[in-house]
Amino acid sequence: MRIRRVRRAAIVATVFAACLLSCSTDADDTPQGAGTRDASRSASAPAPADTGKQEPPATPAPAASPGPELVRDAFAGLQATLNDTCTPGAGDCAYFLGRVHEELTGLDAAMKADPEGPGHFREPLAWIGELRTALGDDTSTQNLEAHRTELIGVRDRINSWMQGHPDDYR
C-alpha cells in the first residue's frame, strides 16, 4: 500500500514538474532583435535558423557599466537569504548556510571586479576575508554550522553597509 502512495506521489510530482517546465519562457524564442539572449546559457546552443529575410541590425543598447550590475545582482542574491533561517543541530541548515556562503562568495567576486576597485568596498571585503580565514578551505556543512554566527553576522553587516551605500546596488 505504501509503495503505491509513493509511486503516485512521484508520478504527480513528475507531471507537475513537466507542466512547470513547459510554461517557462526561453529568450531564444523571441523574434530577432526583440530581446537579448541570456549570457549564462551555453555557447553551444543552436543558432536560430536563417529565414532568408534580411532585417536591419538592431540598435545596440547603451553600454552600461558591468560592475555595479554585478554587485547589484550579487547583493540581491544575498538579500534573498535575509528572511531565511535554520535551527542549529536540527539538520535543516545545510542548504541555508551553503547558500549564504555561496552568495557571500559571489558578492566578494563582484565587488573585486567592480570598476571602482576593491578599495571602494573595503569594509565588506574585509569582513568576507575574515570569514574566509575562519572557514579555511572547509566549506562542509559541519564547518559552516560551526561558524554559523560568523556567517550570518557577515551577511547582516554587509546588508547594513550596502543599505547605507544605495548607489552601489541600485
Side-chain angles (χ1 to χ4, degrees), residues 17 20-21 23-30 33-47 57-170:
L20 286 175
L21 287 174
C23 292
S24 66
T25 60
D26 188 351
D28 288 339
D29 292 341
T30 58
T36 58
R37 182 168 183 202
D38 184 0
S40 65
R41 297 187 58 131
S42 170
S44 64
T59 306
S65 174
E69 288 182 291
L70 290 175
V71 171
R72 180 195 68 214
D73 294 343
F75 180 56
L78 185 66
Q79 280 188 306
T81 68
L82 288 175
N83 292 326
D84 295 339
T85 189
C86 67
T87 307
D92 63 347
C93 287
Y95 171 77
F96 169 69
L97 295 176
R99 179 155 180 233
V100 170
H101 178 262
E102 183 178 312
E103 297 296 344
L104 285 170
T105 301
L107 185 60
D108 180 68
M111 287 177 168
K112 287 177 179 173
D114 189 80
E116 293 192 47
H120 181 70
F121 298 101
R122 185 178 17 251
E123 294 90 351
L125 289 173
W127 300 328
I128 295 171
E130 291 168 8
L131 177 65
R132 188 180 308 109
T133 300
L135 292 173
D137 291 333
D138 184 4
T139 57
S140 68
T141 300
Q142 276 184 314
N143 196 38
L144 292 177
E145 282 195 27
H147 293 91
R148 180 181 186 276
T149 303
E150 294 101 314
L151 192 63
I152 303 303
V154 168
R155 177 200 65 182
D156 293 345
R157 285 168 68 190
I158 289 175
N159 181 59
S160 295
W161 189 92
M162 291 294 282
Q163 295 297 329
H165 296 81
D167 292 337
D168 293 324
Y169 70 92
R170 287 191 180 154

Salt bridge (Lys or Arg N to Asp or Glu O under 4.0 Å) partners of D156, counting only residues at least two apart: none

Looking at every non-hydrogen atom in both residues, tell me the closest pair between F96 and T81 and how far apart they are. CE1-O, 3.8 Å

Under the side-chain hydrogen bond (donor to acceptor under 3.5 Å, both in side chains) test, residues paired with E123 that sit two or more places apart: W161

side-chain hydrogen bond (donor to acceptor under 3.5 Å, both in side chains) filter on S140, not counting sequence neighbours, yields D138

From the list N159, V100, I152, side chain to side chain contact (heavy atoms under 4.5 Å, CB included) with L82 holds only for N159

Which atom pair, heavy atoms only, marks the closest approach of C86 to R148? O-NH2, 3.0 Å

Minimum heavy-atom distance between A74 and A110, given as atom pair plus value: CB-CB, 4.0 Å

Interatomic spacing from CE in M162 to CZ in R72 - rounded to 0.5 Å: 11.0 Å

How many angstroms lie between CG in L107 and NZ in K112, if you round to the nearest 0.5 Å? 11.0 Å

Rounded to the nearest 0.5 Å, what separation is found between the NE2 atom of H120 and the NE2 atom of H165? 6.5 Å

Are side-chain heavy atoms of F75 and M111 found at a separation under 4.5 Å? no

Would you indicate whether the side-chain heavy atoms of L151 and L131 approach each other to under 4.5 Å? yes

side-chain hydrogen bond (donor to acceptor under 3.5 Å, both in side chains) partners for R99, two or more places apart: none

Identify the heavy atoms of I128 and L104 that sit nearest to each other, and give their distance. CD1-O, 3.7 Å

What heavy-atom pair brings L135 and N143 nearest, and what distance separates the two atoms? O-ND2, 2.9 Å

Value rounded to 0.5 Å, distance of CZ in F121 from CD in E116: 6.0 Å

Taking only residues two or more places apart in sequence, or in another chain, which ones meet H101 in a side-chain hydrogen bond (donor to acceptor under 3.5 Å, both in side chains)? none

Look up atom CG in L97 and atom CZ in R155, then write down how far apart they are to the nearest 0.5 Å. 9.5 Å

Please list all pairs passing the side-chain hydrogen bond (donor to acceptor under 3.5 Å, both in side chains) test where one or both residues lie in residues 126-136, with sequence neighbours left out. D108-R132

